[in-house]
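Inspection log for the structure reproduced underneath, given as structure tokens.
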Amino acid sequence: MRPCKRIEIVVERSAAERLEETLRAAGAPDYTLLQNAGGSGDRGYRRADDVTDTDENCVFIVALEDETLLDKIVEGVRPLLKRFGGMCLVSDAHWLIH
Amino acid sequence: MRPCKRIEIVVERSAAERLEETLRAAGAPDYTLLQNAGGSGDRGYRRADDVTDTDENCVFIVALEDETLLDKIVEGVRPLLKRFGGMCLVSDAHWLIH
Amino acid sequence: MRPCKRIEIVVERSAAERLEETLRAAGAPDYTLLQNAGGSGDRGYRRADDVTDTDENCVFIVALEDETLLDKIVEGVRPLLKRFGGMCLVSDAHWLIH
Amino acid sequence: MSGAFLSNLTSPPLLFFFLGVFATFARSDLDVPNPVARAISLYLLFAIGFKGGVALSASPLSSDVLIALGAALLLAALVPVYVFFLVTRFFSSANAAALAATYGSISAVTFVTATNYLDAVGISWGGHFVAAMALMEAPAIVVGLFLYRRAGGDTEVSADREATAERTTIQQLLREAFLNGSVVLILGSLLIGWINGEAGMEQLAPLVKYPFVGMLCLFLLDMGLVAARRIRDIYDPRAGERSVSAKTMVALALAFALLNGSVALLIALLAGLPEGDALLLTILGASASYIAVPAAMRLALPSANPGIYLTMALAVTFPFNIVIGIPLFHYLIRALSA
Amino acid sequence: MSGAFLSNLTSPPLLFFFLGVFATFARSDLDVPNPVARAISLYLLFAIGFKGGVALSASPLSSDVLIALGAALLLAALVPVYVFFLVTRFFSSANAAALAATYGSISAVTFVTATNYLDAVGISWGGHFVAAMALMEAPAIVVGLFLYRRAGGDTEVSADREATAERTTIQQLLREAFLNGSVVLILGSLLIGWINGEAGMEQLAPLVKYPFVGMLCLFLLDMGLVAARRIRDIYDPRAGERSVSAKTMVALALAFALLNGSVALLIALLAGLPEGDALLLTILGASASYIAVPAAMRLALPSANPGIYLTMALAVTFPFNIVIGIPLFHYLIRALSA
Amino acid sequence: MSGAFLSNLTSPPLLFFFLGVFATFARSDLDVPNPVARAISLYLLFAIGFKGGVALSASPLSSDVLIALGAALLLAALVPVYVFFLVTRFFSSANAAALAATYGSISAVTFVTATNYLDAVGISWGGHFVAAMALMEAPAIVVGLFLYRRAGGDTEVSADREATAERTTIQQLLREAFLNGSVVLILGSLLIGWINGEAGMEQLAPLVKYPFVGMLCLFLLDMGLVAARRIRDIYDPRAGERSVSAKTMVALALAFALLNGSVALLIALLAGLPEGDALLLTILGASASYIAVPAAMRLALPSANPGIYLTMALAVTFPFNIVIGIPLFHYLIRALSA
Ligand SMILES: Nc1ncnc2c1ncn2[C@@H]1O[C@H](COP(=O)(O)O)[C@@H](O)[C@H]1O
Ligand SMILES: Nc1ncnc2c1ncn2[C@@H]1O[C@H](COP(=O)(O)O)[C@@H](O)[C@H]1O
Ligand SMILES: Nc1ncnc2c1ncn2[C@@H]1O[C@H](COP(=O)(O)O)[C@@H](O)[C@H]1O
Ligand code: NA
Ligand code: NA
Ligand code: NA
């Protein structure tokens, strides 16, 4: 198992495609995506059970082995979060290499 | 990026609203909520694909910058877990400030 | 709160049942399961919004107190990931005992 | 008897239920997505409610209605009491209370299947029984919890109190029970159907009336899948630590269907209900709740084990009622009222 | 007036809307799963589009059609302009622009409810108004953003530019607006209905025509749940930091429904539209978008607060229009055209 | 020819398919929620199965039925063999086997669209072809894997063995294939329709018969969205590392539709099937599986690349068949049987 960074990004649905491109551009194209998340933050309450589909978050999970990419990702993600809100957490993990 | 605690709480759907209040009361109103989770634990198997909707878990993710709140949250969450079962994990992470 | 390992495994839907058995066999029957995840990896793009339901990932979250089980789990999971692809991350966490 | 019995067995809804059971035991991956299953059950409540309301609007509110509702409430209050005392020897008082509530309450789909059976054999039934059904969902929950507290469950409850800042008081629970989603939808649709009457039915029939049997087929297909899964789970190593044996659970689930059905049948005859209504009251008595009550129990009695009460209601009592119970009780009613 | 008003109030769709509102305020757990709600709204757009297309195929494309479309576009361009200037005093220019777009655009379900009202009272309406509705969804978005930039929102936008590599240019936005999912589905279904005409309707009527009212009931049930939740949220401590008071929001939302409706009514009369069409244009003016526009605003004006524009459109303007607006404007049209 | 061809092109189902394709390429956000898409496909299988069963109950089981089923099985066993050998030069043996299984199996929606085409042009077809379709879903999977192992895929498989404790033995696979959810639902509904006959149809027609075309429209709308997305993915940089060029994939997918269709047509003529049945067998041959087979391949041949076999079946062969294949083969059948 190799040490890696676990990046967890929460953005609203409408920014998901954009985040995906940002990740690819930063050289980290791989991710796992959980859709239909709700939540609560500075921009208030998100229910994710509305007819109006604007109230939904997505959670991206990225495992990053090459930690040198981290800064690039962070710099790409920051403006997105500034603009759309959301959250980005980075933590240490170990990756089971198969 | 500032150090923070990442709290991950799994409770069953029927306790979600209550947990939300607990978090707010503890001064940590922000969270991300993943619904429609299944699982398996002391209380057995949860399928989350039933007509009877009682078999479903929720996953709350809370990023907590002010670590002094942690104890308060934990004390609020513990009775809920005692009562409804579930799980609460706390780990270290770094929060991308935007 | 006791120290524990947080194991996060992403596999495609069709391997979920198998992974579940692997976990039980390894003596870690408890998990939380998030279905209907999408993602992108070596095997390309997974949309999880298709009529064909083969394009879907699952995320297993396992909190493991008895770290001696870790190797057993890892050895059980590795062939699955080899075969079906996916990802397994292990990180340190603290478990709120209730 | 055997005639009605067979034609029930081979009716499309029943056959689709069997198809679901077969698919599960054959380990087929046939599956109805969860939101779809919920949508169909919303549809069934919406449709049966509206149909009942329209039927009610046709006949002036007579004393029959009050008698029927009275009989229903009596039944809902009576059943949980004896169920509780009958099972306390087998189960913890929490599980006993949960079972009392489960069997005191009703299964809307069993009721719907019974109305469909009556329509098929051409026997009329009173729209007010839809109201009776809705009224029977909640009371047993309250009775069950009352018995539980009397039996010394208080400590746990006061513990709750602290833990959850008084959130589960009896009043609160009553509200939760009577405002349960399905109760609100049924009674609401009933009221709306009653207000709009035949004119309303003309507008909604293409949705609430004509496709009804077909939707019931789809829902019973899913119920077959779900019930069979739970049956399988009982005999699953994973369920090894279960406190009671599978045999006990199955036996009790069948016994309660028969016992409660018989009690209801007696009440129906004493109340002098006509054939169709008598069958509906009987099947309401025999049926057990696997949606409203478990949801409430999770909140009020989390120490009770859904693997017991939910499984008994869903995997044993429900199939028994729709397959054997309905024609059997119909036969008895005919025999006794003859 | 009060006759039509009452019969509208007690029509099944409205009553189901009230049922949803009641369920929320009574804190019932009644809920329509999200994918199901979206499916029903897809159905309504598909059905109304196809119906409109078939109606259109019956009558040859005359100048009336062009007049109607012209009036609709005029309305969609006019409303956001004055809305923007009326609200800049209360709101940041971002919020003002979002409100302008919201009220300049339309609510398909309000339109559908109005057509259902007309069918119920037996007044004919032109299928081309379905096209008019679809055409009105997008323009206000562009107008709103234009006003926003004129008002000096540029910095934020150029910031966008860097942040997102030119992704939200005006052209891009136009595309996003006109290719919005519901617009595409409505216009597509309209075209297909128009191509297939009555023959096509014969094939699809059992899905797009007969169950229509029933589906509308189910959707309005959900809209009642959703609208009431948002109303509750306004008065929720959690929403404490909101920049404007609940009172202001409610007052403005009602004022705009009445003002925009009146402007539309005027245009309808000047254009000499027949009774049914006049009501449709009026209600399109009075209605506000809570699906297409919020989705676009999230992308183009994330600094605008959905808690304001989405809540006003969904929780106040929408209920007002379907409950009071439709019969009220119908009454006015009759009075004025008499 | 061109007449039938055009009227097929402009039929509502096809036009909604094009609408879906257009929406995707225009980058509209039009989307059908996943559980809803699955619900509609469950509906189509349920409806076609029941319809076929009822049709079957009308005509006594004759030798025609056996001939048809025999021809279908022959086809399902023959196609994968030559497909495998034709493609091994382009692909790894794993991918070759997956393609063999994919094209040997069938697409239920293509079949349904063909029945709808026949109903539209007023040509009768045999209900037993629904059974034939169901029977053709699974065999190709087994043939494909057999060929794969013969071609020396064993090592990988024995690797499986260890990795998964013998879980994917041939027997196991057969079971998985024949008990695949859609097979069970189709055959189950067929059986139930056959048991209940016309009487059953009277009850279920408002769900399984009348709204059928409309539901097919909605499903093809979604298929259009999905197929176009995959087409786009082929030409997507992300897919850069793909082992075969997009051109090769498209060419092969078209070639197989034509070749397999022609083989099936030949068999149909030799078996002397009537016009409608001949078209159904032909289209079953020409169609490829994008649900059952990919699901099985993921388990049995995870080293095969769905980006190849799934994309070819879903994004190229399926659209070709419903748009051009059906009327084209119909034309050929007429020409040849004349
Ligand atoms: N402290 C937090 N912990 C977990 N999730 C958060 C937190 N803050 C924000 N989020 C998520 O990010 C979304 C947008 O946040 P915001 O832009 O602050 O409204 C929220 O709806 C939450 O899902
Ligand atoms: N060790 C664990 N790892 C991950 N999830 C768990 C664990 N234990 C419990 N859970 C989750 O918490 C839910 C309730 O747990 P329990 O109360 O133990 O039945 C389970 O259904 C799981 O989703
Ligand atoms: N680096 C990564 N970070 C997050 N998720 C990943 C990563 N690599 C793979 N995955 C997940 O695992 C699934 C299968 O991976 P693969 O076998 O590499 O295609 C992908 O669809 C993703 O959901
Ligand atoms: Na009962
Ligand atoms: Na408007
Ligand atoms: Na084929």
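This structure is a prediction, so every number in the text was calculated from the model and none was measured. Chain letters run A, B, ... following the sequence lines, proteins first and then strands; every chain starts at 1.
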| query | Is there a donor-acceptor contact under 3.5 Å from the side chain of Thr32(A) to the main chain of Gly39(C)? | reply | no

| note | Residues Pro29(A) and Ser40(C): closest non-hydrogen pair is O-OG, 3.3 Å

| query | Side chains of Leu89(C) and Cys4(A): closer than 4.5 Å at any heavy-atom pair? | reply | yes

| query | Is the shortest heavy-atom distance from the side chain of Arg6(C) to the side chain of Arg6(A) under 4.5 Å? | reply | yes

| note | Output for pair (Met87(C) CE, Ile61(A) CD1), nearest 0.5 Å, gives 6.5 Å

| request: Measure the CG-CE distance between Leu70(C) and Met1(A) for me, rounded to the nearest 0.5 Å. | output: 5.0 Å

| field | Contacting region of Val90(C) [heavy-atom separation from chain A under 4.5 Å] | value | both

| note | Heaviest contributor of heavy-atom pairs below 4.5 Å to chain A, chosen from Leu81(C), Val77(C), Ile9(C), is Leu81(C)

| query | Where does Ile97(A) contact chain C at under 4.5 Å (heavy atoms): side chain, backbone, both or neither? | reply | backbone

